Participant: 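Below is a structure I'd like to ask you about.
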Amino acid sequence: MAQSTFSTHVGMVDILPDEVDKWQKLERIIHEEAKKFNFEEIRTPIMEQTELIARGVGQLTDIVSKEMFAFDRGDDHYVLRPECTAPVARAYVEHHLDQRGGSQNLYYIGPMFRAEKPQKGRQRQFHQFGAEIIGAADPAADVDIIAFMMSIYDRVGISNTTLKLNSVGDPESRKAYTQVLKDHFRPHLSEMSEVSQDRFEKNPLRILDSKEEEDQPFVEDAPVITDFLTDETAEHYSRVKELLTELDIPFEEDPYLVRGLDYYTRTAFELVSPDLGAQDALGGGGRYDLLIEEIGGQPTPAVGFAAGIERLFIACEELDIQLAEEEMLDVYIVTLGDEARKWGINHLPKLREAGLSASMDYIGRSMKSQMKDADRENARHVIIVGSHELEAGKFVLRNMKESEEEAFTFDEILERLTS
RNA sequence: GAGCCUGUAGCUCAGUUGGUUAGAGCGCCAGGUUGUGGCCCUGGAGGCCGUGGGUUCAAAUCCCAUCAGGCUCCCCA
């Protein structure tokens with residue numbers, strides 16, 4: 001690889017012209033699906049106050065404790081947002097969006113930042129799309145969020161995914177469960193991994209997430225949270241499952257699914273794909289009924305999801321899904337000589353005003369090269385302009401797909417191309 | 001943050017036990033066609049062999065370090 005003077009920071013990648021088509025296509029799909037599901041887009045700043053993320057995401061999470069890009073400027077603490085749920089919740093509280101009436105159905109697309117060691121499907125600047133329903137406690141909202149998420153993968157054509165589902169309880173059920181869980185692990189603690197021993201104090205639920213071999217025997221026969229849910233939360237959970245079944249959205253219950261962010265309550269879900277390797281989560285989310293209050297708003301139930309765009313593209317590649325369609329150029333003007341070139345420069349705007357995409361050579365290439373360039377740009381038509389044409393006032397219009405050509409006046413050409 | 005693997009042209013990759021001016025395909029530029037793309041033919045440009053150090057008469061090749069990427073772990077999207 002040639003050494004260039006500057007390069008991107010580790011884990012931050014350029015999205016080059018050749019790949020940008022698929023980004024635009026995916027964004028279009030997301031906007032269209034959002035419209036169908038009646039979600040409105042929200043765009044929040046890329047930087048937030050560090051305290052918001054710390055409170056919202058959770059002080060003890062990896063994201064906050066070791067993965068934040070944060071800096072101070074004067075008395076202000078800036079952080080590059082590592083996720084977008086806390087920012088959206090912040091905007092909801094700050095701008096009193098509850099006053100718009102009803103629940104707020106919001107979605108976003110944008111870059112997030114986490115200072116992790118990069119690997120496939122994991123970058124320091126990565127992109128997520130996601131949605132939140134704020135102000136609705138009904139299980140129907142949980143299911144609508146999941147349906148919205150799934151509809152995007154359906155549109156893209158990624159179908160071999162597994163939706164994992166769990167309920168992580170409310171504070172009351174979690175308290176009871178945590179007690180039982182600790183009692184379960186305590187006698188074996190010395191035989192368990194260091195991380196798990198650490199989590200035992202900080203967040204025992206996360207031990208269930210452990211992939212350490214020595215932990216497996218104890219995780220396998222651990223009690224499950226779903227046995228300790230309060231009546232209300234259990235009812236909520238079974239209602240979510242009923243609705244998913246009614247909507248023909250297949251899911252797998254995973255009693256050990258624990259989300260890594262502290263704000264989740266009740267419903268938790270994750271969409272995994274066998275096409276992704278180690279980083280196999282396409283997206284995930286859940287209910288977070290405590291977050292809005294935690295960051296200073298009124299107690300407000302909410303549910304949301306976030307999904308990784310780069311991971312979606314990796315899955316597409318594995319499945320041979322071509323997202324981008326070929327870009328076409330309506331007209332390419334091939335010019336021979338200075339007079340022709342002037343003619344071209346003068347007539348390009350007329351083509352564009354007529355709503356056509358139009359281009360020409362600016363670097364004085366041979367006719368053959370200009371034709372090749374037109375071909376490369378996927379031009380539907382080429383207008384050939386040389387001294388003969390200028391004298392006759394008729395220009396060769398070549399249809400590149402049919403390989404047919406005929407001479408017309410410029411007005412006739414406009415007429416033919418726009419009709 | 002830890003372990004393992006890999007860095008050669010814009011891209012994908014050859015390069016023998018260390019041995020002259022480091023190769024191919026694709027792409028790019030040009031010519032074959034005094035004014036016609038795709039196919040074909042010919043030619044050309046393009047490499048500090050990731051970077052720094054070491055061993056050696058001699059290093060893309062061996063050794064060390066470092067950086068970057070990949071795979072696991074961790075974590076998550």
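Heavy-atom basis, side chains included; hydrogens, waters and symmetry copies ignored. Since the structure is predicted, the reported quantities are computational estimates derived from the model, not experimental observations. Within every chain, numbering begins at 1; the chains are lettered A, B, ... in the order of the sequence lines, protein sequences first and strands thereafter.
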Participant: Heavy atoms only, 4.0 Å cut-off, all strands: where does A:His127 land among base, sugar-phosphate and nothing?
Facilitator: nothing
Participant: Just checking A:Gly121: base, sugar-phosphate only, or nothing, at a heavy-atom cut-off of under 4.0 Å?
Facilitator: base
Participant: Just checking A:Glu377: base, sugar-phosphate only, or nothing, at a heavy-atom cut-off of under 4.0 Å?
Facilitator: nothing
Participant: Would you check, one step at a time, whether the test ring pair (Phe, Tyr, Trp, His ring centres under 6.0 Å) holds for A:Phe148 with A:Phe39?
Facilitator: CA-CA 9 Å; A:Phe148 179 24; A:Phe39 278 71; 4.7 Å; yes
Participant: Rounding to a whole Å, what distance do you find between A:Glu116:CD and B:A77:C1'?
Facilitator: 9 Å
Participant: Could you tell me whether A:Glu33 and A:Arg155 make a salt bridge, using a distance below 4.0 angstrom between a side-chain N and a carboxylate O?
Facilitator: yes
Participant: Once pairs are restricted to Watson-Crick or G-U wobble with both distances under 3.5 Å, how does RNA chain B read as a dot-bracket string, [ ] for crossings and | for other-strand pairs?
Facilitator: (((((((..((((.....[...)))).(((((.......))))).....(((((..]....))))))))))))....
Participant: So if I take every side-chain heavy atom of A:Ser369 and compare against B:U72, B:C76, B:A30, which nucleotide ends up nearest?
Facilitator: B:A30
Participant: Let me know the distance between NZ of A:Lys372 and C1' of B:C28, rounded to the nearest Å.
Facilitator: 9 Å
Participant: Measure from the side-chain heavy atoms of A:Glu405 and tell me the nearest of B:C76, B:U36, B:G37.
Facilitator: B:U36
Participant: Remember a base hit wins even if backbone is also touched, and classify A:Gly337 as base, sugar-phosphate or nothing at under 4.0 Å, heavy atoms.
Facilitator: nothing
Participant: Please determine, for the side chain of A:Arg122, which listed nucleotide (B:G70, B:A77, B:U36) has the closest atom?
Facilitator: B:A77
Participant: A:Asp280 has a side chain; which of B:U36, B:C73, B:C76 sits nearest to it?
Facilitator: B:C76
Participant: Kindly compute the distance separating CZ (A:Arg186) from CG (A:Leu181), expressed to the nearest 0.5 Å.
Facilitator: 10.5 Å
Participant: Please work out if A:Glu404 contacts a base, only the sugar-phosphate, or nothing of the nucleic acid, heavy-atom cut-off 4.0 Å.
Facilitator: nothing
Participant: Could you label the plane-to-plane angle of the A:Phe113 and A:Phe69 rings as parallel, tilted or perpendicular, counting under 30° as parallel and over 60° as perpendicular?
Facilitator: perpendicular
Participant: Whole-Å distance between B:A77 C1' and A:Leu80 CG?
Facilitator: 16 Å
Participant: Could you tell me how the ring of A:Tyr177 sits relative to the ring of A:Phe228: parallel (under 30°), tilted (30 to 60°) or perpendicular (over 60°)?
Facilitator: tilted
Participant: Test ring pair (Phe, Tyr, Trp, His ring centres under 6.0 Å) on A:His31 and A:Tyr107 and set out the steps.
Facilitator: CA-CA 9 Å; A:His31 292 309; A:Tyr107 78 103; 5.8 Å; yes
Participant: For the side chain of A:Ser366, starting at C-beta, report the closest nucleotide among B:G37, B:G69, B:G31.
Facilitator: B:G31
Participant: Take the protein atom CG of A:Asp375 and the nucleotide atom C1' of B:U36, then report the distance between them rounded to whole Å.
Facilitator: 11 Å
Participant: Whole-Å distance between B:U36 C1' and A:His381 NE2?
Facilitator: 16 Å
Participant: Nearest whole angstrom, please: distance from the C1' of B:C74 to the CD of A:Glu67.
Facilitator: 10 Å
Participant: Starting at NZ of A:Lys394 and ending at P of B:G35, how long is that distance when rounded to a whole Å?
Facilitator: 23 Å
Participant: Let's see if you can work this out: which of B:U36, B:C73, B:C28 has an atom nearest to the side-chain heavy atoms of A:Arg398?
Facilitator: B:U36
Participant: Whole angstroms only, please: what is the CE-C1' distance between A:Met68 and B:C76?
Facilitator: 16 Å
Participant: Determine the contact category for A:Val382: base if any of its heavy atoms lies under 4.0 Å from a base atom, sugar-phosphate if only primed atoms, P, OP1 or OP2 are that close, otherwise nothing.
Facilitator: nothing
Participant: Can you say whether the rings of A:His347 and A:Phe395 are parallel (under 30°), tilted (30 to 60°) or perpendicular (over 60°)?
Facilitator: tilted
Participant: Tell me which nucleotide among B:C74, B:A77, B:C28 gets nearest to the side chain of A:Phe126.
Facilitator: B:A77
Participant: Quick one: which of B:C71, B:C29, B:U36 gets closest to the side chain of A:Arg376?
Facilitator: B:C29
Participant: Checking A:Glu48 against A:Arg81 for the salt bridge (charged side-chain N to carboxylate O under 4.0 Å, His left out) test, could you report, in this order, the C-alpha distance in whole Å, the side-chain angles of both residues, the deciding distance, and whether it holds?
Facilitator: CA-CA 6 Å; A:Glu48 292 283 347; A:Arg81 64 183 185 195; over 6 Å; no
Participant: Which one, B:A77, B:G35, B:C28, comes nearest to the side chain of A:Ala306?
Facilitator: B:A77
Participant: So if I take every side-chain heavy atom of A:Lys117 and compare against B:G1, B:U36, B:G35, which nucleotide ends up nearest?
Facilitator: B:G1
Participant: Within less than 4.0 Å of OP1 or OP2 of B:C29, is there a side-chain N or O belonging to A:Arg365?
Facilitator: yes
Participant: Is A:Leu282 touching bases, backbone alone, or none of the nucleic acid, heavy atoms closer than 4.0 Å?
Facilitator: sugar-phosphate
